[in-house]
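In what follows, a structure is listed as structure tokens, so that the remarks can point back to it.
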Number of protein chains: 2
Amino acid sequence: MTTRRVTLVDVARLAGVDKAIVSRVVNADPSLVIRPDTRERVLEAIQNLGYRPNSAARSLRTAKAGTLGLVIPDFANPVYAEIITGAESAALAKGHVLVTGSSTGAHSSMERYLDLLGQGRVDGLMLASPTTPGEQQKLESLGLPWMMVNRRDTGEHHRYVILDDAQAAKLAVEHLLELGHRKIVHVAGPFGADTARRRATGYRQAMKVTDIPVRAEDIARGDYTPRGGAEAMAELLRKGPAPTAVFVANVAMAVGVLDTLRRARMRVPEDVSVVAVHDLPLAEHLVPALTTVRMPLQELGARAVDLLLGSSPEDEVAEVVRTAMELVYRESTAPPKG
Amino acid sequence: MTTRRVTLVDVARLAGVDKAIVSRVVNADPSLVIRPDTRERVLEAIQNLGYRPNSAARSLRTAKAGTLGLVIPDFANPVYAEIITGAESAALAKGHVLVTGSSTGAHSSMERYLDLLGQGRVDGLMLASPTTPGEQQKLESLGLPWMMVNRRDTGEHHRYVILDDAQAAKLAVEHLLELGHRKIVHVAGPFGADTARRRATGYRQAMKVTDIPVRAEDIARGDYTPRGGAEAMAELLRKGPAPTAVFVANVAMAVGVLDTLRRARMRVPEDVSVVAVHDLPLAEHLVPALTTVRMPLQELGARAVDLLLGSSPEDEVAEVVRTAMELVYRESTAPPKG
DNA sequence: TAGGGTCAGTCAAACGATTGAACGACGCTA
DNA sequence: TAGCGTCGTTCAATCGTTTGACTGACCCTA
């Protein structure tokens, strides 16, 4: 009952030619010289038998898998959803399939993932997950092209694509400054996150061009979650005089920041303005609708794919994607009172 | 400079044995009889050379890819994020890698995806995307085991896993009834969505056990997006006397429903209670925090994998996952006024 | 001491596609 | 009519593993 799968040989037999011909027809080999009627017969046979090339055999022979891997921390984080979408579409455009894995699940440590991928299953690996030195070493030992996405690597051989997070922070802070804010605090991301550090740097830089000093108590760290944001905001309120504006390192924390402000009976934007990084769909539907900095996350994913495919593993790659960054002005920011 | 990749033969040579031995050691072949010191030599050689089995060769020989495919409409939808997470972890637990593709991108129609996957790249395919009859036929012609996830298939050969959406609707409506609501309307999902129909059915059933009639104007359809929810809610307000409670078919539409109610100056939950399906992380951070019905989305994904691997392609599979469904009572529901 | 039974391995044929090299037929030219 | 080039096609090695069949050494037992 199980119809054996159709191979090149079957097609060749039906078309009355050698399988080499069929292979070259399938792959549109430019060196192939063939009579039109022969080609016709071959195509017909392919059609009739419903032949589909076996990718395992092809991969084995060509040592190319036609697949790229992408490891992210968590599917539930919409930031990565955007990156995946961009990467997938770029991969497909180049005839590759994208395998996306998350590294946080019970069964899916990075290392286990690397093992499962084994050799010859992917042609390259993109990592958007935090990576331990051990893992990075294992990664290098695979002999695969790899690329860090949205974070810089820690080794001495650099291969990464990131966004201009400092610039994003500047856009946000400058927006607040233009509105007339002077007392601007920052809810930063976790120390371990590369993006968080760059956004904090951008905040400091933007403040530096003004004459407004930034003191240690103007910055509080959260862990990029709503709860973390809520706690960081509470800390800021406790420590200093009430700010008139907050720059939040990501939207998830901004959600918590809004919670804390609501509890403290501070109105947004009348009493405090809030602006955050990443224009996720969610931002528009918060109350009040959140002013954000839109970042080219899809482009980031796409660029990672292009760089991965377009460079040899030894090349140094250190690119900053700068396209299409802009401030999206919504309801959570306004001029300060008085 | 390019170090050739390490194969079984290299390991065998270093260990001074035949490659067959190495293969059986690697795969823990139970029929293998081997001296402890030989095994030791082999393992050492593997270690020293950093051998990793080539999965293309392995797939070719065994006609198993060790990979499962999952096609979803959109990575940005958190409902699918949950399904992916569950599926991935189940797949990994069974030694498989999960390839997740979205079918909405510019380059990624279902058909193109199926072509790219070719033969021998995945051992089975799970579809959470809406599927046209043409696509379903193509799917069947692949000779791969497949499974519809969270939607029923349209062919005569059934293979699907779904959730008990009618029951979810009942839980929601019963919650409202218990609070004392009588005038309960429903913002339903799009007609084409199987889940939407089942939730609407559940709503009707739950209302039927009471003596409260459900009229046509008590139901409005949206497209599962915030905007769709906003418009559907506006329609309900226009058409009938103001309801005291709304059951919304998903959280995305609930976001829009809240917007519309806010614009209409109706307070939630004082004037109107709102409850929606799916306890996504977002629900907790809306204002007011949304009462929801938690659905076992991860289990759904995991079960899909188990069924896919544990059934032959000809089997009929029609399973409803019923675990762990519960009402999550937050701030958006309360007894009606007066 | 012939024969049988482990034990510990080796041999070699697949799996299906790719690809450089070889080959026969034909037409041309000298 | 020998020689050569071109056209259209076939040949066969190869990619790295898996796995059933086979073998040689050794020990026991009759």
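Only a predicted model underlies this, so the values are computations on that prediction, with no experimental measurement involved. Residue numbers begin at 1 in each chain, while the letters A, B, ... track the order of the sequences.
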Suppose we screen for salt bridge (Lys or Arg N to Asp or Glu O under 4.0 Å). Which residues come up paired with [X], at least two apart in sequence or across chains?
X	answer
B/Arg41	none
B/Asp10	B/Arg4, B/Arg13
B/Asp153	none
A/Asp18	none

Completion exercise
For A/Ser129, the side chain to side chain donor-acceptor pair (under 3.5 Å) test, sequence neighbours excluded, returns A/Ser103

Fill in the blank from the handout: For nucleotides 13-20 of chain D, 5' to 3', base contacts (B), sugar-phosphate-only contacts (S) and non-contacts (-) with protein non-hydrogen atoms under 4.0 Å give BBBBBBBB

Handout entry: Presence of salt bridge, B/Arg152 and B/Asp194, under 4.0 angstrom
Key =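 Looking at B/Arg152 together with B/Asp194, the answer is yes, because their closest N to O distance falls below 4.0 Å.
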
Handout entry: Pairing of B/Glu316 and B/Arg159 as salt bridge, 4.0 angstrom limit
Key = no

Practice task
Starting from the first five and the last five pairs of the helix from C/dT1-D/dA30 to C/dA30-D/dT1, work out the angle between the resulting helix axes, to 10 degrees.
Solution key: 70°

Completion exercise
Here the side chain to side chain donor-acceptor pair (under 3.5 Å) pairs for residues 71-80 of chain A, sequence neighbours left out, are none

Residues 139-148 of chain B, side-chain donor-acceptor partners within the protein, below 3.5 Å, at least two apart:
{"from": "B/Ser141", "atom 1": "OG", "to": "B/Lys138", "atom 2": "O", "distance (Å)": "2.6"}

For residues 27-34 of chain B, which side-chain donor-acceptor pairs fall under 3.5 Å, sequence neighbours excluded?
{"from": "B/Asn27", "atom 1": "OD1", "to": "B/Arg58", "atom 2": "NH2", "distance (Å)": "3.1"}
{"from": "B/Asp29", "atom 1": "OD1", "to": "B/Ser31", "atom 2": "N", "distance (Å)": "2.7"}
{"from": "B/Asp29", "atom 1": "OD1", "to": "B/Ser31", "atom 2": "OG", "distance (Å)": "2.9"}
{"from": "B/Asp29", "atom 1": "OD2", "to": "B/Ser31", "atom 2": "OG", "distance (Å)": "3.3"}

Exercise for the section: Among residues two or more places apart or on two chains, list those pairs meeting salt bridge (charged side-chain N to carboxylate O under 4.0 Å, His left out) that have a residue in residues 46-56 of chain B. Expected result: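 The answer is A/Asp115-B/Arg52.
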
What is the separation between atom [atom1] on [X] and atom [atom2] on [N], rounded to the nearest whole Å?
X	N	atom1	atom2	result
B/Arg121	C/dC15	CZ	P	22 Å
B/Ile34	C/dT6	CD1	C1'	16 Å
A/Arg41	D/dT9	CZ	C1'	11 Å

What pairs of nitrogen or oxygen atoms, one from the protein and one from nucleotides 22-25 of chain C, lie under 3.5 Å apart?
none

Practice task
May I ask you to verify if any side-chain N or O of B/Thr38 is less than 4.0 angstrom from the OP1 or OP2 atom of C/dG9?
Solution key: yes

Practice task
For A/Val17, answer base if it contacts any base atom (sugar-phosphate contacts may also be present), sugar-phosphate if it contacts only those atoms, and nothing otherwise; contact means non-hydrogen atoms under 4.0 Å.
Solution key: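 Touches sugar-phosphate only.
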
